[in-house]
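No hydrogens, no waters, no symmetry mates; every other heavy atom, side chains included, goes into these values. Quick caveat: nothing in here was measured; it's all calculated off a predicted structure. We're numbering straight along the sequence, starting at 1.
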Amino acid sequence: MSRKITATHERVDDIPAIIAHLKKMRVAELLDQHFPTNGNWQGLSLGWTTVVWLAFMLSEADHRLYRVEPWVKEHLKTLRRCIDRKVRPRDLADDRLATILDYLCVAEHWAVFERALNQCVLRVYDLQGRLVHVDTTTAAAYVTPAGLFQLGHSKDHRPDLPQVKIAMAVLDPLGVPLTLTVVAGNTADDPLYLPEIAKVRQIAQITGLTYVGDCKMAAIGTRTEIVAHQDYYLCPLSAKQMPEAELDRVLAPVFSGVLEPSELRVPHANGALDETADPVAIGFEYTVELSALDHAGQTQAWQERRLVVRSLAFAASQEKSLRQRVVRAVTELNALDERKQGKARIPDEAGAYQAAAAIMAKHRVDGLVHVTVTTEVHTHVKRRYGTRPATTVCSERVRVSATCAEAPLAHAVRRLGWRVYATNHAAQEMRLAQGVAAYRSEYLVEQGFGRLKGRSLSLTPLFLQYEERIVGLLYLLSIALRVLVLMQFVVRRNLQQAGTTLKGIYPGQPGRQTAQPTTEMLLSAFRGVTLSWIKIDGKLHEHLTPLNAVQKRILALMEVPLESYGRLVT
């Protein structure tokens, strides 16, 4: 007896896990609360529409608007059962998504929503970090310079393209974004720090946070304002604030042997410090008295500790590069007077010194190479020929000899790797090694920028034309970045508390283990989970690909209930 069987399949993948985290963060509820829509809005609410869009962004690593509606059609039942609401493909049409960006780009509304979202995240995930990293990046686009898109110093090494500048503050130790601001691409970095710090202060509603930034945060006005609000700072001093002559004066006791720098060891990820491990740096500190006027016109006076630190790995890398440049310069200088077909001769000693100076400038080794220029005079007799009598001819040849200047090179090498950091923390609150460790975690904000502009969220290249919508898109992507960071944080924290590792998430390496998996690796483990509808002689059967042991463990580490996948089958 023949039986009629039809089957329909729908990929589920990581969608339930992503939406579970968005629900935990109350993204839909807070968006609907702070971005009320007009009376013409129909269908899925703005908040839940955005949640579905974020699920697409995180699952597909794509922010293009026109790609969302077809994706929703392919995952319709999964989305409906994950958010427990009716979802229609036209709810995620590109014009509806563009309208959402128009709502999100309003800075006043976004600031209130961002504050509420961050306070929810800090409370739900029990985040008690006291360090905040602030930094900036740029995002370029193939557009004509106008509005926010302007030519400026590019951090992506594309100064030929108009760009926008993005300032972001993240919470240490997990790197969750707290604030994000979009400004014109030709804006200087210095004035962006205080507004970001002010927004963090409103979110945290406490004083005593430590703000960590690069040398552009070390402007005296920025440091003064931080002190005025009873907060703390940690940042390196620029060459303008710590000139070379001043640094030589500070390092003189070390070079003379009067002062012995301390060996510095950075704690491991779990906070443990191994005293037997090799030091990562050496350093010492001193204190200076500072006073300046804050924005309110009040005089602020405080003690600033200067942490003078030499990174051993950085110094070794710089020394290797310097010695290679010296060798290349000496080789090129000694070849200046080499005679070769088609090569012009050096006309005189002045020309030789000029060519030598150009080579040393190119390799940045001025003062590190000894150059000697001499002129050799050769005489020879030109024999008689016919009626021409024999004559004595004199010829000159300019010779260049170059050697490494050992003493200046040794002095330059011992100055490599040194950097001066400034902080208003007292010594008992932040020891020298703690200051080094705090600044070294600056990679957290860079990691966020990498995810924002890289494969994870694929901000660049930008495909939108209107700058208001680009601002809205950047705000939206900051929510997606929070999801990536929080998922990773929860899993790593649970692994650390259990003292275990996770394996089975590396393609082709089932036995490889890690205690620090990334969110991208965790989500990729769910690829292939499929929801199927099988109709046999008119009777419908539903089937979900059974989750394997690795997928179940990942959900447990994410603190996502198995029911997130189980509810897909009615």
What distance do Leu486 atom CG and Arg493 atom CZ have between them, rounded to the nearest 0.5 Å?
9.5 Å
Less than 4.5 Å apart, any side-chain heavy atom of Gln434 and any of Glu429?
no
Is any side-chain heavy atom of Gln516 closer than 4.5 Å to a side-chain heavy atom of Arg492?
yes
Does a side-chain heavy-atom distance below 4.5 Å link Gln163 with Arg158?
no
Inter-residue atom distance Trp53.CH2 - Leu92.CG, 0.5 Å rounding:
9.0 Å
Does the side chain of Asp91 reach to within under 4.5 Å of the side chain of Val72, using non-hydrogen atoms?
no
Could Lys155 and Glu446 be called an ion pair, given the rule that one side-chain N must be under 4.0 Å from one carboxylate O?
no
Are Tyr233 and Val227 packed together at the side-chain level, in the sense that at least one heavy-atom pair is separated by less than 4.5 angstrom?
yes
Are a donor atom and an acceptor atom from the side chains of Tyr193 and Glu225 found within less than 3.5 Å of each other?
no
Donor-acceptor pair, side chain of Arg482 and main chain of Ser478, under 3.5 angstrom
yes
Could you tell me if the side chain of Arg325 sits less than 4.5 Å from the side chain of Leu368, heavy atoms only?
no
Salt bridge check: are Asp94 and Arg64 linked by an N-O gap of less than 4.0 Å?
no
Indicate yes or no: does Glu332 engage Arg328 in a salt bridge with an N to O separation below 4.0 Å.
no
Ion pair check, Arg223 and Glu304, cut-off under 4.0 Å:
yes
One should read off an interatomic distance between Leu192 CG and Ile166 CD1, to the nearest 0.5 angstrom, of 11.5 Å
Point-to-point distance, once rounded to the nearest 0.5 Å, from CZ of Arg130 to OH of Tyr211
9.5 Å
Is Asp366 salt-bridged to Arg364, going by a charged N under 4.0 Å from an acidic O?
no
Does Lys216 come within less than 4.0 Å of Asp190, counting only side-chain N to carboxylate O?
no
State the CD1-CG distance between Ile18 and Leu58, to the nearest 0.5 angstrom.
5.0 Å
Quick one about Ser456 and Glu520 (side-chain donor to acceptor, distance below 3.5 Å, no hydrogens or angles considered), yes or no?
yes
Partner of Lys165 under salt bridge (Lys or Arg N to Asp or Glu O under 4.0 Å), chosen from Asp189, Asp135, Asp156:
Asp189
Does a donor on one side chain sit under 3.5 Å from an acceptor on the other, for Thr179 and Glu196?
yes
Does a donor on one side chain and an acceptor on the other come within less than 3.5 Å for Asp14 and Ser59?
yes
Are Arg201 and Leu209 close enough that some pair of their side-chain heavy atoms sits under 4.5 Å apart?
no
Can you check whether Ile197 reaches His229 side chain to side chain, under 4.5 Å on heavy atoms?
no
Leu46 side, atom CG; Asp32 side, atom CG - distance, nearest 0.5 Å
6.0 Å
Testing Trp110, Phe35, Tyr103 for ring pair (Phe, Tyr, Trp, His ring centres under 6.0 Å) with Tyr475, which one passes?
Trp110
So, Glu69 and Arg96, do they make that salt bridge, N to O below 4.0 Å?
no
